Number of protein chains: 2
Amino acid sequence: MTAEAAPTRRTELLAIAAQLFADKGFKNTTVRDIAEAAGILSGSLYHHFDSKESMVDEILSTFQEQLFASYDAVLASDVDARTKIEQCVRLSFAAIDEHPHEVAIFQNEAAYLLTFDRFGYLADRNAQSRNLWMTLLTEGVSSGALRGDLDVTLTYRFIRDTVWVAVRWYRPGAGHSHEAIADQYLTILLDGIATTGG
Amino acid sequence: MTAEAAPTRRTELLAIAAQLFADKGFKNTTVRDIAEAAGILSGSLYHHFDSKESMVDEILSTFQEQLFASYDAVLASDVDARTKIEQCVRLSFAAIDEHPHEVAIFQNEAAYLLTFDRFGYLADRNAQSRNLWMTLLTEGVSSGALRGDLDVTLTYRFIRDTVWVAVRWYRPGAGHSHEAIADQYLTILLDGIATTGG
DNA sequence: CCCCCAACCAAGCAATTGCTTGGTACTGTA
DNA sequence: TACAGTACCAAGCAATTGCTTGGTTGGGGG
């Protein structure tokens with residue numbers, strides 16, 4: 001359905017749609033908005049796509065595939081849990097840097113899109129992400145790298161939320177680099193903001 | 001405009017609308033949805049409110065007023081910066097517990113609503129909140145209670161995001177209490193998740 | 001008994017929405 | 001020259017949207 005090497009125009013239109021979906025929301029973006037931004041009429045979009053839903057679908061599924069492939073690479077590597085946690089965090093901030101629109105759409109629209117059957121794969125990806133973090137955190141605790149009194153479920157949620165919600169304010173090429181942000185965040189997460197011995 | 005002791009029915013309708021706005025989004029909730037949930041016809045809503053916009057407006061402004069009043073109480077108290085930070089965090093999780101719909105609406109719809117003049121006060125509240133946290137964090141750093149190498153702007157964003165985004169998964173009366181969540185979060189924020197001496 | 005008024009209904013209007021249909025311009029290939 | 005395929009236009013339809021209008025109901029105060 002979505003397969004093979006995409007022609008240019010289709011990809012262009014998806015990028016335009018992604019930006020609008022990210023900025024104004026899916027429901028709040030009309031097909032006429034997308035068409036106007038692309039310099040064509042709204043009906044012409046249906047030469048390229050079945051529906052407005054198909055557009056978000058293709059945007060999100062393509063992104064998720066890339067993202068989880070890079071998570072898998074980290075998991076397969078031969079380092080300890082704490083290092084894997086660090087790498088996953090850095091990787092997530094890098095994803096925000098490279099695909100801000102896609103991340104924003106997922107953050108803002110996932111709950112709504114999940115009410116449709118065709119977006120069930122988003123729930124699967126959520127579960128996959130949850131497993132990943134829970135495994136790493138549990139490993140970290142039992143190996144002694146992380147504090148024993150951690151509630152891993154809560155810690156997972158805090159990490160997930162703080163990392164991804166950064167898409168709301170992070171702008172590529174403005175202020176901090178995504179690497180610098182990841183550094184600061186990891187410092188806070190791992191060692192806290194209080195002075196030691198407080 | 002919004003003043004004085006509210007009659008019962010109006011408040012009921014606002015509560016119904018708030019739940020729908022929080023669950024499905026403002027744009028994605030129709031006046032017919034609200035009316036149906038209230039057991040009346042959509043036109044009858046306009047006996048109580050000017051417009052759909054007026055409903056969110058009243059929901060959000062009322063909540064923000066309460067919230068910032070309680071922040072002010074903390075700021076006026078005579079304790080050190082670190083204690084004030086702790087109290088503000090606890091207070092925020094308590095707000096999520098007591099007004100989950102209002103918090104969710106503000107989190108999800110603020111960006112969109114800010115495109116209308118009438119919601120300009122939301123930007124003012126954001127600035128007010130930013131000032132509050134930046135002041136407390138800067139005080140904490142200069143008094144030596146917080147680490148000197150902190151980027152206070154980034155730290156402010158991390159705290160703000162992590163606290164408020166909890167509204168996405170926190171459900172009053174299920175699993176952890178909001179106090180327990182605040183405890184865990186403060187532990188992580190202040191002392192980190194790594195074992196000391198790592 | 002009358003009147004008032006808050007709360008609501010019944011019906012519908014104008015605008016906006018996603019999407020369809022039938023046709024046209026242009027480009028490359030044989 | 002004929003043909004095919006891509007990318008688009010022009011026009012409009014059916015459904016949904018927020019909101020309006022004029023009228024009805026039922027309970028409480030005088």
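Since this is a predicted model, take the numbers as computed values, not measurements. So that the names make sense, note that chain A is the first sequence line, chain B the second, and so on, each numbered from 1.
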Item checked: Side-chain donor-acceptor contact under 3.5 Å, A:H176 with B:D151 -> yes
Check: What ring-ring contact (aromatic ring centres under 6.0 Å, His included) pairs are there with at least one residue in residues 69-96 of chain B, not counting sequence neighbours?
Finding: B:F68-B:Y71, B:F93-B:Y185
Note to self: Under 6.0 Å from the ring centre and within 45 degrees of the ring axis: does the NZ or CZ of B:R160 meet both conditions for the six-membered ring of B:Y156?
What the structure shows: yes
Notebook entry, point to check: CZ of A:F116 versus C1' of C:dG18: gap in Å, rounded?
Noted result: 13 Å
Notebook entry, point to check: Can you tell me if B:D57 and B:S54 form a side-chain donor-acceptor pair at under 3.5 Å?
Noted result: no
Note to self: Same cluster or not: A:L136 versus A:L67, using hydrophobic residues (I, L, V, M, F, W, Y) connected whenever any side-chain heavy atoms lie under 4.5 Å apart?
What the structure shows: yes
Notebook entry, point to check: If pairs are Watson-Crick or G-U with both distances under 3.5 Å, what is the dot-bracket string of DNA chain D, marking crossing pairs with [ ] and pairs to another strand with |?
Noted result: ||||||||||||||||||||||||||||||
Check: Roughly how many Å is it from CG in A:L13 to P in D:dT6, rounded to a whole number?
Finding: 15 Å
Checklist line | A:S42 (side chain) and C:dC19 (base): donor-acceptor pair under 3.5 Å | finding: yes
Next item on the list: Starting at atom CZ of B:F49, determine the distance to atom P of C:dA6, rounded to an integer number of angstrom.
Entry: 15 Å
Item checked: Plane angle bin for A:F158 and B:W169 - parallel if under 30°, tilted between 30 and 60°, otherwise perpendicular -> perpendicular
Next item on the list: Take the protein atom CZ of A:R9 and the nucleotide atom C1' of D:dC9, then report the distance between them rounded to whole Å.
Entry: 14 Å
Item checked: Listed nucleotide nearest any side-chain atom of A:L41, set D:dC8, D:dC9, D:dC19 -> D:dC9
Item checked: Among C:dC8, C:dC19, D:dC8, the nucleotide that comes nearest once only the side chain of B:I40 is considered -> C:dC8
Checklist line | A:L45 CG to C:dT21 C1', straight-line distance once rounded to whole Å | finding: 16 Å
Check: Which sits closer to the 5' end of DNA chain D, A:G43 or B:G43, going by the nucleotide each is nearest to?
Finding: A:G43
Check: Going by number, which of residues 18-32 of chain A have a non-hydrogen atom under 4.0 Å from DNA chain C?
Finding: A:T29, A:T30, A:V31, A:R32
Margin query: So, does B:R10 get its side chain near the phosphate of C:dA6, meaning an N or O under 4.0 Å from OP1 or OP2?
Written below: no
Margin query: Whether B:H47 contacts C:dC9 is assessed here as follows: a side-chain N or O lying under 4.0 Å from the phosphate OP1 or OP2. Is that the case?
Written below: no
Check: Quick one: is C:dT20 close enough that its OP1 or OP2 comes under 4.0 Å of any side-chain N or O from A:Y46?
Finding: no
Next item on the list: Using distance alone, with no hydrogens and no angle criterion, decide if B:S129 and B:N126 have a side-chain donor and acceptor under 3.5 Å apart.
Entry: no
Check: Parallel, tilted or perpendicular: which fits the ring planes of B:F119 and B:Y121, with parallel below 30° and perpendicular above 60°?
Finding: tilted
Check: If we ignore angles and hydrogens, is there a donor and acceptor under 3.5 Å between the side chains of B:R125 and B:Q128?
Finding: yes
Checklist line | Distance, rounded to the nearest Å, where B:I34 contributes CD1 and C:dC8 contributes C1' | finding: 16 Å
Margin query: Let me spell it out: for each of A:S44 and A:D33, pick the nucleotide of DNA chain C with the closest heavy atom. Which residue's pick is nearer the 5' end?
Written below: A:D33
Next item on the list: Tell me, please, whether B:Y112 has A:K24 positioned over its six-membered ring: NZ or CZ under 6.0 Å from the ring centre and within 45 degrees of its axis?
Entry: no
Checklist line | B:K52 side-chain proximity, nearest of C:dT20, D:dC19, C:dA10 | finding: D:dC19
